[in-house]
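Take a look at the structure below.
The figures that follow rest on heavy atoms only: side chains count, while hydrogens, waters and symmetry mates do not. Since the structure is predicted, the reported quantities are computational estimates derived from the model, not experimental observations.
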Amino acid sequence: MAYLAPSEFVTKMVDSGESKVYMSTKDTLIRAYMAGAILALAAVFAVTVAMKTGSPLVGAMLFPVGFIMLYLMSFDLLTGVFVLVPLAWLDKRPGVSVAQILRNWGLVALGNLMGALTVAFMMAFIFTYGFDTDGGEIAKKVAGIGEARTLGYQSHGVSGWFTVFVRGMLCNWMVSMGVVGAMISTTVSGKFLAMWMPVMLFFFMGFEHSIVNMFLFPFSLIMGGNFTISDYILWNEVPVALGNLVGGLAFTGLTLYATHVRTSPKRVLG
C-alpha cells in the first residue's frame with residue numbers, strides 16, 4: 001500500500017483537527033449523527049453475530065466494518081475529535097482556542113448521541129415487532145451487558161469507577177490508532193487494514209467506547225435492563241468519556257505530535 005512517513009501523516013492530523021474547528025454547525029452535527037448511527041449498527045451487528053456463532057472473536061472481527069465505513073465517509077466520532085482537535089491548538093493554528101475545541105466536542109457528542117439513540121429505538125422496534133414481544137434472546141443478552149457494565153462496576157465502588165476509566169483509556173488508544181492508521185495509507189485497502197486491526201482489538205478485549213455505549217445502554221434499557229439512566233451516566237458514560245479523552249490524547253495524539261512535529265535536536269557525537 002502507498003505509505004506516508006510519520007512526519008507527513010502527523011501534519012495531516014493537525015490539519016484535520018483545524019478543519020473540524022472551522023466546520024459549520026450543520027455539517028458538524030450531520031457528520032456526527034451519521035457516525036453515531038453507523039457505529040451503533042456495527043455494534044448490534046457484532047453482538048448478533050457473536051450470539052449466533054457462539055464466538056465473540058467473530059463478532060470482534062466484523063465490528064470494524066462500521067468504523068471503516070464512517071471514516072471513509074468523513075463522519076466524526078467524539079473519540080476521534082478528542083485526539084485531533086487539541087493538536088491544532090497546540091500547533092497554534094489561527095482561530096483554534098479552548099472555547100472552539102469545547103464547541104466542537106459538544107456538537108460532535110450531541111450528534112453522536114442522536115444517531116446512536118435513533119438506531120437504538122429502530123433496532124428495539126425490529127426485535128420486539130413494534131414493542132409487541134419481549135425481544136427474545138437478543139433482549140436478554142443486551143440487558144445483561146447493560147447491567148454488568150453499570151451495576152457490575154458500581155459494586156466495586158471507587159475501584160470500579162477507575163476500572164471503567166482505564167478501560168476507556170485503552171479503548172481510545174486503540175481507536176485513535178485506527179484513525180491515525182488510516183492517514184498512513186493513500187489507498188482504500190491500506191486504510192481498511194490499518195483501521196481494522198486496532199478496532200478489532202478494542203472490541204474483543206471489552207474496552208469501553210463512549211459512542212458505542214450511547215447506543216448499547218439505551219438499547220439495553222429498552223430491552224429490559226435492570227439499571228437506571230443515572231447508573232449508566234455515573235458508572236459508565238462519564239468515566240468512559242474521560243478515559244477516551246485521556247487515553248487517545250496522551251497515548252496517540254500527544255506522543256506522535258511530540259516526536260514527529262516537535263522533534264528534539266539530533267545528538268552530536270564526539
Side-chain angles (χ1 to χ4, degrees), residues 29-56 58-67 69-70 73 75-79 106-155 164 167-168 171 202-204 206-241 244:
L29 286 172
I30 291 173
R31 295 183 190 195
Y33 178 91
M34 293 306 300
I38 291 172
L39 200 67
L41 282 169
V44 73
F45 169 59
V47 171
T48 303
V49 168
M51 284 185 60
K52 291 190 174 182
T53 63
S55 172
V58 175
M61 290 174 66
L62 294 175
F63 171 75
V65 169
F67 181 82
M69 283 193 294
L70 70 89
M73 295 297 105
F75 298 147
D76 286 325
L77 290 172
L78 182 61
T79 46
L107 289 173
V108 172
L110 176 61
N112 287 167
L113 175 62
M114 297 308 296
L117 288 176
T118 299
V119 173
F121 282 105
M122 292 174 73
M123 295 308 302
F125 190 92
I126 290 172
F127 283 122
T128 62
Y129 291 88
F131 304 104
D132 282 340
T133 67
D134 64 2
E137 290 301 314
I138 188 69
K140 294 178 184 177
K141 177 67 175 179
V142 173
I145 292 173
E147 292 166 10
R149 289 164 63 175
T150 51
L151 304 181
Y153 292 124
Q154 184 184 44
S155 66
V164 71
R167 285 179 179 267
C171 169
F202 115 69
F203 196 86
F204 184 73
F207 299 153
E208 299 276 359
H209 191 281
S210 55
I211 312 309
V212 171
N213 292 354
M214 286 179 182
F215 158 76
L216 184 62
F217 289 87
F219 186 49
S220 177
L221 283 169
I222 297 169
M223 293 288 99
N226 187 26
F227 60 98
T228 66
I229 294 175
S230 60
D231 290 332
Y232 155 58
I233 293 173
L234 179 60
W235 292 98
N236 192 280
E237 191 63 37
V238 169
V240 169
N244 288 168

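Heavy atoms only, all atoms of each residue included: P56 and A50 are closest at CA-CB, 4.0 Å. Closest of all the heavy-atom pairs between G36 and I211 is CA-CG2, 4.1 Å. Here the shortest heavy-atom pairing between G224 and A143 reads C-CB, 4.1 Å. C171 and F207 get closest at one heavy-atom pair: CB-CB, 3.6 Å. Considering all non-hydrogen atoms of both residues, L78 and V108 come closest at N-CG1, 3.4 Å.
Among residues two or more places apart in sequence or in another chain, the side chain to side chain donor-acceptor pair (under 3.5 Å) test is passed with D76 by K20. Scanning for side chain to side chain donor-acceptor pair (under 3.5 Å) contacts around T150 gives an empty result, with sequence neighbours left out. Shown here are the ring-ring contact (aromatic ring centres under 6.0 Å, His included) partners of F45, two or more places apart in sequence or in another chain: there are none. When the side-chain contact (heavy atoms from CB on, under 4.5 Å) test is applied to F127, the partners found at least two apart in sequence or on another chain are V44, T48, M123, I138, F219. Qualifying side chain to side chain donor-acceptor pair (under 3.5 Å) partners for S210, counting only residues two or more places apart in sequence or in other chains: N244. Looking at residues two or more places apart in sequence or on another chain, you find a side chain to side chain donor-acceptor pair (under 3.5 Å) between S230 and T228. For R149, the side-chain contact (heavy atoms from CB on, under 4.5 Å) criterion is met by I145, Y153, E208, N213, L216, F217, N236, not counting sequence neighbours. A42 meets the side-chain contact (heavy atoms from CB on, under 4.5 Å) test with F63; sequence neighbours excluded. Residues forming a side-chain contact (heavy atoms from CB on, under 4.5 Å) with I38 (at least two apart in sequence, or on another chain): M69, L70, F75. Listed by chain and residue number, F131 satisfy the ring-ring contact (aromatic ring centres under 6.0 Å, His included) test with F125 (two or more places apart in sequence, or in another chain).
The main-chain N or O of G225 is never found under 3.5 Å from a side-chain atom of E147 such that the two would form a donor-acceptor pair. Listed for the R167 side chain is no donor-acceptor partner under 3.5 Å among the backbone atoms of V240.
Identified under the salt bridge (Lys or Arg N to Asp or Glu O under 4.0 Å) test for residues 136-146, with sequence neighbours left out: E137-K140. Each side chain to side chain donor-acceptor pair (under 3.5 Å) pair with one or both residues in residues 107-136, not counting sequence neighbours, appears once here: Y33-T118.
Distance CD1/I229 to CD/E237: 12.5 Å, rounded to 0.5 Å. Atom CZ in F227 sits 3.5 Å away from atom CG in L221 (nearest 0.5 Å). Here the CZ atom belonging to F215 is positioned 7.5 Å from the CG atom belonging to L41, to the nearest 0.5 angstrom. Interatomic distance, S55 OG to F204 CZ, rounded to the nearest 0.5 Å: 7.5 Å.
In M122, the CE atom is not crowded: 12 or fewer heavy atoms of neighbouring residues, nucleotides or ligands sit closer than 6.0 Å.
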